[in-house]
There are 2 protein chains.
Amino acid sequence: MLLADDEELIRTGLRVIIDAEADLEVVGEAGDGVDALEMVRRLKPDVVLMDVRMPTVDGLEATERIVSTVADPPKILVVTTFDNDEYVYQALRAGADGFLLKRARPDRLLEAIRVVVRGDSLLFPAAIRDLATRHRGRPSALRRAGLTEREEQVLRLMATGRTNAEIAAELYVSAETVKTHVGNVLGKLRVRDRTQAVIAAYESGFV
Amino acid sequence: MLLADDEELIRTGLRVIIDAEADLEVVGEAGDGVDALEMVRRLKPDVVLMDVRMPTVDGLEATERIVSTVADPPKILVVTTFDNDEYVYQALRAGADGFLLKRARPDRLLEAIRVVVRGDSLLFPAAIRDLATRHRGRPSALRRAGLTEREEQVLRLMATGRTNAEIAAELYVSAETVKTHVGNVLGKLRVRDRTQAVIAAYESGFV
DNA sequence: CAGTGTCTCCCCCACGCGGGGGAGCGCGTC
DNA sequence: GACGCGCTCCCCCGCGTGGGGGAGACACTG
């Protein structure tokens with residue numbers, strides 16, 4: 001396992017916790033993203049505990065580079081301090097295998113590591129759930145907006161970046177008809193323009 | 001624990017697996033969303049295994065209703081058949097505590113249940129990860145688009161649904177300046193209009 | 001049967017938006 | 001100092017967009 005964190009104190013703490021386990025072993029420590037990438041290539045660890053905020057290259061960028069450039073990349077657990085951290089999704093999109101809070105209890109930390117090592121699963125700490133669900137309530141808003149089937153179709157096509165003319169061609173109707181549907185969607189969603197409608201669609205998980 | 005699935009075969013299979021465990025007990029079975037909601041109110045289970053596709057009210061809607069209307073709601077594990085199921089995010093946003101594939105091995109299923117019961121954690125099966133990371137590669141596209149700091153600011157404000165004039169007011173610059181930045185953003189992201197730019201921002205995890 | 005709702009199409013009009021061009025300023029680099 | 005670059009501001013122009021109005025066809029329901 002490789003530890004990547006710019007604070008030595010954190011690295012030491014993690015090392016103590018991890019080395020106490022018979023089945024886990026720390027093979028190296030990196031202080032920034034560049035070091036992390038280099039050490040991954042050289043030491044070929046099976047797991048990396050990756051801090052987000054680091055000098056030179058942050059943990060997200062490092063994760064992305066590792067996943068996209070290293071053959072048979074290690075499992076990467078992104079570790080961060082704040083539970084309201086907006087990096088969660090970005091971490092997963094960058095190719096991380098898991099996400100964890102630094103203040104998690106050691107047994108949870110070890111469990112997360114084992115889960116990631118063993119299978120290919122993601123373990124989310126509790127507080128992170130809020131990030132996934134922070135937009136709750138709103139889907140109902142969109143759901144209860146009472147969009148008709150046609151209006152939903154149009155909204156979906158709007159959310160692909162199409163113009164009214166393109167939507168019209170896609171649905172085999174006139175552009176005027178699409179305009180009507182779009183207008184109805186905007187009214188029902190109580191938004192000003194198509195951009196806000198698309199945002200509402202994304203925020204509510206509609207797309 | 002409550003099982004909610006429209007296929008009796010599935011319910012039976014789950015019941016057999018679960019009842020074999022000493023610490024887990026199935027207290028009821030629901031065949032659709034309405035039943036599930038009613039039984040949650042009546043039986044007050046601590047966990048619900050919720051299928052997505054069900055008659056009357058689907059599992060997502062049922063989850064949302066339970067979470068938003070039941071006092072002290074049970075933990076809800078959404079169970080689905082397909083690993084390319086786009087319902088994952090919607091499930092989490094609806095308030096589900098976890099997501100699981102039906103074809104998961106029984107021990108994984110039981111582990112997921114225990115994780116959800118014990119703490120408040122989310123367990124993602126492997127294939128689900130692709131959903132979180134399906135837009136990978138693209139963030140780099142956006143990242144490598146070479147947006148300047150100001151352009152990033154403008155893009156973020158665009159992604160909140162603001163007009164150029166509002167962005168201008170927010171940044172204390174003229175609307176013409178904002179137009180220039182917007183134009184640069186569109187060019188660098190290779191998109192046609194602000195709606196597509198916002199979509200790109202969402203798809204790449206920029207927001 | 002009448003009423004409601006949805007989908008379809010049309011008109012006019014104001015305006016935000018994006019594309020084209022140019023231009024000055026401050027900054028750091030070579 | 002020259003140069004590149006980012007930020008700022010301005011012009012004109014075409015057009016997609018959204019708001020206002022109306023209207024006919026069809027299906028479903030009370």
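Reminder, nothing fancy here: chain letters follow the sequence lines and each chain counts from 1. This structure is a prediction, so every number in the text was calculated from the model and none was measured.
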DNA chain D contacts among residues 166-177 of chain B, heavy-atom distance under 4.0 Å: B:Val173, B:Ser174, B:Glu176, B:Thr177
Backbone N/O of A:Glu149 and side chain of A:Glu152: donor-acceptor pair under 3.5 Å: no
Length of the line joining A:Glu151:CD and C:dG5:P, which is rounded to integer Å: 13 Å
Counting only heavy atoms from other residues, nucleotides and ligands, does the tally under 6.0 Å from CZ of A:Arg41 exceed 12? yes
Return a single string for nucleotides 17-30 of chain C, one symbol per nucleotide in 5' to 3' order, where B is base contact, S is sugar-phosphate-only contact and - is none, cutoff 4.0 angstrom on heavy atoms. SBB-----------
Side chain to side chain contact (heavy atoms under 4.5 Å, CB included), paired with A:Glu151, selected from A:Leu155, A:Val154, A:Leu147: A:Leu147
Just wondering, do A:Val173 and A:Arg150 contact through their side chains at under 4.5 Å, heavy atoms? yes
Whole angstroms only, please: what is the CD-P distance between B:Gln196 and D:dT17? 10 Å
Whole-Å distance between D:dC7 C1' and B:Glu152 CD? 15 Å
Test item: B:Leu189 and B:Gln196 side chains (from C-beta on) under 4.5 Å apart, heavy atoms: no
Can you tell me how far the CE atom of B:Met1 sits from the CG atom of B:Asp46, to the nearest 0.5 Å? 7.0 Å
Going by atom types alone, do A:Thr160 and A:Arg162 pair a side-chain donor with an acceptor below 3.5 Å? yes
Given B:Glu8, B:Glu25, B:Glu29, the one that forms salt bridge (charged side-chain N to carboxylate O under 4.0 Å, His left out) with B:Arg15: B:Glu29
side-chain N/O B:His181 vs D:dT8 OP1/OP2, d < 4.0 Å: yes
What is the per-nucleotide protein-contact pattern of nucleotides 23-30 of chain D, from the 5' end, where B denotes a base atom under 4.0 Å from a protein heavy atom, S denotes such proximity for sugar-phosphate atoms only, and - denotes neither? --------
Mind checking whether B:Val47 and B:Leu24 have side chains closer than 4.5 Å, heavy atoms only? no
Taking 4.0 Å as the cut-off, does a side-chain nitrogen or oxygen of B:Thr148 come that near to OP1 or OP2 on D:dC5? no
Starting at atom CG of A:Leu147, determine the distance to atom P of C:dC7, rounded to an integer number of angstrom. 10 Å
Can you check whether A:Leu37 reaches A:Val57 side chain to side chain, under 4.5 Å on heavy atoms? no
Whole angstrom value for the distance that separates P of D:dC9 from CG of B:Asn184: 14 Å
Find out whether B:Ile10 and B:Val79 are in side-chain contact, i.e. whether some heavy atom of one side chain is under 4.5 Å from a heavy atom of the other. no
Give the nucleotide from the list D:dT8, D:dG6, C:dC7 with an atom nearest to the side chain of B:Arg150. D:dT8
